[in-house]
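Single-structure report; data block below.
Fair warning: this is a prediction, and the values are worked out from it, not measured in the lab. Lettering follows sequence order; numbering is per chain, from 1. Below, all heavy atoms of this structure are taken into account, side chains as well, without hydrogens, waters or symmetry copies.
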Amino acid sequence: MATTSFSKRLYQNPLLSLLQNARTNSQILQIHAQLICRALVSDLFVASRLLFAICELSNSSSVDLTVAYVELIFSQIHQPNTFSWNTIIRFHSRTSKPLRALLFFSQMRKNGIFTDNYTYPFVLKACASMPGRREGLVVHGEVVKGGFDEDSFVRNGLISMYCRSGDVQLGRKLFDGFQSRDLVSWNSMIAGYVSCGEIGEAQKLFDAMPDRDAFSWAILIDGYGKKIGDVGRARELFDAMPDRDLVCWHSMIDGYAGLGMMGPARELFEAMPERNVISWSILIDGYVRHGDPKEALDIFQQMLHHGMKPDKVSAVGVISACAQLGALDQGRWVHFYLKKNRILFDVVVQTALIDMYMKCGSLDLARRLFDSMHERSVVTWNVMIVGLGVNGYGGEAVELFYQMEKEGALMDDLSFLAVLTACTHAGLVAKGWQIFDRMRSDFRITPMAEHYGCLVDLLGRAGRLHEARNVIETMPMKPTSTLWGSLLAACRTHRCVDLAEVSVEQLKNLGADDSGVYVLLSNIYAEEGMWDDVWRIRKLMSARGMKKEVGRCVIEVNGEVHEFVNGDVSHLEIFAVLWSLSNKVASV
DNA sequence: CAAGGAGCAG
């Protein structure tokens, strides 16, 4: 009797309703602290409600409670019930950590906790994102044994699990044999066909559907647009769609943006009845990915003007725009803005900032941020190594690589590209070659064409041209034009006419002999005074209608971004400075 | 006494 009234008091506890309305990290932490003070967390009901509230909020952009925190809360529940286990599995499944979701699921079974029909949809989702593993089949067996396969949530989960693991036929069989299939079953099946590239089948099902909702349309629009690049067909569907929701607008805009068609993307964006952060992010990212970072910055400013609060995704977009532009002031401003507005800083954002600082040449800011990070990803290390390398600190880059190795950080093929490039810039031939050799044996990473390219560059720049040629000719894959290109560049620096001619011949065979190649070759001839050959090349070039391409660059001055094109005389003050500089140089 | 499956942004 006493316990019922205690539970009732708990249920009516105002802290719990506060918990439901919590929106930020600190709100949650405060409520958590109060619950601990009042010794309420020991109650299963309160503890599982706390866990649930935290997991609910973990999708929100203003909350970044770490996985460790969520798991700590879970571990503090004395005897978690089915609901708590479901909650933690759901959390991991939703935040795309399928391995952890499956780990908790297997612990749940080991502890003899009953599973129910709320358990399986998430477990199946986790299985679906790990194709190639057999868990899905086992879970299917369990579902059948428990009699859950007539639950439409569970059955639909099975359908998409099979489709995602590459067995669409089986998914289709489950779909066809399902008497009480609903709209989601249809959508799952259509999405299944789209995800394995059978868009024709998807279209057939779409046409045969009894009724459709926004999901159904979005799957096809997304399928035609991003998966196969047929924006025309996607647009037809988009225009024919009755009630468009935000997602459809996003799919369509991103379809255009993915193909670099920023004009139509922008037009649709402007026509949107309402926008959220994602809408802005798509546009910003589109401009960043297609070489118009200045426009991306502009859009970001407009976004702030419209009172839209950026989240971490839009932040990453605008930071990499600053990186591309070398716009340090703007980048620092964004960094400051994010801090001031308590927009969360995760590894991705911090890595983008490091990259930006590095590209802007601000090594100390990059280093400071890097040293302060408590969690680093492969990308973080890679960005740091590349940054040190291109800024002329090859030795430090190699040191950082060794530190990475010592700390047992995960490495990928890009880590090696980074460190090899750094060796090239610093002329550390022996070290670079040694690391290249250790790639396969010590790190179990097979060198790709790019890695051989680095090696060729490394040797070529050090003047070891014949060894470089030897690498190209003995590597296990077909040499790409970039390889011969870098050998050619090395021949220019080290004045080697023979190998230059060999390289150009190879480039010609590969169909990669653009104007740059011939300009380089004729420069080599000119330096050796071989004027006949110079004229031969010039004639060949004009016969083919080749011209030197226009050089351009973009810089930031006082927070404003300017673009310069070769031959542009609109910035007279710069010419004045250049003029005085070259006079000074001439006079010393 | 809380909860679930399908589509979108880094």
Side-chain angles (χ1 to χ4, degrees), chain A residues 7-8 10-12 16 19-20 43-53 55-56 61 81-91 93-94 116-125 128 148 151-161 163-164 171 175 181-195 202 212-223 225-227 245-255 257-258 275-286 288-289 310-321 346-349 351-352 355 379:
Chain A
S7 279
K8 199 156 193 176
L10 282 181
Y11 180 49
Q12 288 160 352
L16 288 186
L19 203 54
Q20 271 171 340
D43 184 87
L44 174 62
F45 168 63
V46 174
S48 55
R49 270 298 264 277
L50 178 67
L51 178 71
F52 180 70
C55 291
E56 261 311 90
S61 62
N81 55 8
T82 302
F83 178 73
S84 315
W85 283 99
N86 286 353
T87 307
I88 191 89
I89 293 171
R90 179 178 82 140
F91 168 74
S93 175
R94 268 200 184 166
D116 63 6
N117 52 337
Y118 282 92
T119 315
Y120 290 105
F122 293 114
V123 174
L124 286 167
K125 192 177 178 184
F148 297 121
D151 181 310
S152 104
F153 287 102
V154 178
R155 171 73 73 117
N156 294 340
L158 282 173
I159 293 174
S160 62
M161 185 272 290
C163 290
R164 294 276 289 281
F175 173 80
R181 63 182 168 211
D182 57 11
L183 188 53
V184 181
S185 318
W186 286 88
N187 288 342
S188 305
M189 198 58 231
I190 294 176
Y193 277 126
V194 168
S195 77
R212 307 180 183 106
D213 66 356
F215 267 88
S216 332
W217 290 88
I219 296 163
L220 270 197
I221 291 174
D222 194 57
K226 263 205 299 289
K227 303 255 170 28
D245 66 353
L246 263 183
V247 176
C248 293
W249 286 89
H250 292 165
S251 288
M252 195 61 234
I253 294 174
D254 201 44
R275 306 180 188 117
N276 66 5
V277 212
I278 298 180
S279 331
W280 291 90
S281 298
I282 294 173
L283 204 64
I284 291 175
D285 195 53
V288 169
R289 280 208 317 262
D311 67 350
K312 50 178 173 172
V313 177
S314 40
V316 169
V318 72
I319 293 167
S320 59
D346 64 359
V347 203
V348 182
V349 177
T351 303
D355 182 50
V379 188

ask   = A/Leu246 versus A/Asn276: any side-chain heavy-atom pair under 4.5 Å?
value = yes
remark   = Of B/dG7, B/dC8, B/dC1, the nucleotide closest to the side chain of A/His250 is B/dC8
request  = Write down the distance between CZ (A/Arg212) and P (B/dG7), rounded to a whole number of angstrom.
outcome  = 19 Å
task = Whole angstrom is fine here: how far is it from CZ in A/Phe52 over to C1' in B/dG4?
result = 10 Å
ask   = Is A/Asn86 touching bases, backbone alone, or none of the nucleic acid, heavy atoms closer than 4.0 Å?
value = base
inquiry  = Between A/Val194 and A/Asp222, is there a side-chain heavy-atom distance shorter than 4.5 Å?
reply    = no
inquiry  = Heavy atoms only, 4.0 Å cut-off, all strands: where does A/Arg94 land among base, sugar-phosphate and nothing?
reply    = sugar-phosphate
request  = Could you tell me how the ring of A/Phe175 sits relative to the ring of A/Trp186: parallel (under 30°), tilted (30 to 60°) or perpendicular (over 60°)?
outcome  = perpendicular
ask   = Are the charged groups of A/Arg94 and A/Glu56 less than 4.0 angstrom apart, N to O?
value = yes
ask   = Where the side chain of A/Asp311 is defined as all heavy atoms beyond and including C-beta, which of B/dA9, B/dC8, B/dA6 is the nearest nucleotide?
value = B/dA9
ask   = Looking across every strand, which nucleic acid part, if any, lies under 4.0 Å from A/Ile278 by heavy atom: base, sugar-phosphate, or nothing?
value = base
ask   = Short question: side chain of A/Asn86, backbone of A/Ile89 - any donor-acceptor pair under 3.5 Å?
value = no
query = In whole angstroms, how far is the P atom of B/dC8 from the NZ atom of A/Lys226?
reply = 7 Å
ask   = B/dA2 C1' sits how many Å from A/Asn81 CG, rounded?
value = 10 Å
task = Could you tell me whether A/Tyr118 contacts a base, only the sugar-phosphate backbone, or nothing, with contacts defined as non-hydrogen atoms closer than 4.0 Å?
result = base
ask   = Would you call A/Phe215 stacked on B/dG7, i.e. ring centres under 5.5 Å apart with the planes less than 30° off parallel?
value = no
ask   = Hey, is the side chain of A/Arg90 poking within less than 4.0 Å of OP1 or OP2 on B/dG4, counting only N and O atoms?
value = yes
query = What's the closest nucleotide to the A/Asp254 side chain, out of B/dG7, B/dG10, B/dA9?
reply = B/dA9
Protein-nucleotide distance (A/Ile221, atom CD1; B/dG7, atom P), rounded to Å = 15 Å
request  = Output yes when a side-chain donor or acceptor of A/Asp285 lies under 3.5 Å from a complementary backbone atom of A/Val288, and no otherwise.
outcome  = no
note = Whole-Å distance, A/Tyr193 OH to B/dA6 C1', equals 16 Å
inquiry  = Of the options B/dA3, B/dA9, B/dG10, whose atoms approach the side-chain atoms of A/Phe83 most closely?
reply    = B/dA3
task = Using a 4.0 Å heavy-atom cut-off across all strands, classify A/Ser314 as base, sugar-phosphate, or nothing.
result = nothing
request  = Choose from B/dG10, B/dA3, B/dG4 the nucleotide whose nearest atom is closest to any side-chain atom of A/Asn117.
outcome  = B/dG4
ask   = Which one, B/dG7, B/dG4, B/dG10, comes nearest to the side chain of A/Asp285?
value = B/dG10
query = Among B/dA6, B/dA9, B/dA2, which nucleotide sits nearest the side chain of A/Arg49?
reply = B/dA2
Nearest listed nucleotide, side chain of A/Asn187, among B/dG4, B/dA6, B/dA2 = B/dA6
ask   = Hey, does A/Asp116 reach any base, or is it just sugar-phosphate, or nothing, if we go heavy atoms under 4.0 Å?
value = base
ask   = When we call it a touch if two heavy atoms are under 4.0 Å apart, what does A/Ser320 touch: a base, just sugar-phosphate, or nothing?
value = nothing
request  = Please state whether the phosphate of B/dA9, meaning OP1 or OP2, lies under 4.0 angstrom from any side-chain nitrogen or oxygen of A/Arg289.
outcome  = no
task = Give the rounded distance in Å between these two atoms: CG of A/Asn276 and P of B/dC8.
result = 15 Å
request  = Mind calculating the distance between CZ (A/Arg164) and P (B/dG7) to the nearest angstrom?
outcome  = 7 Å
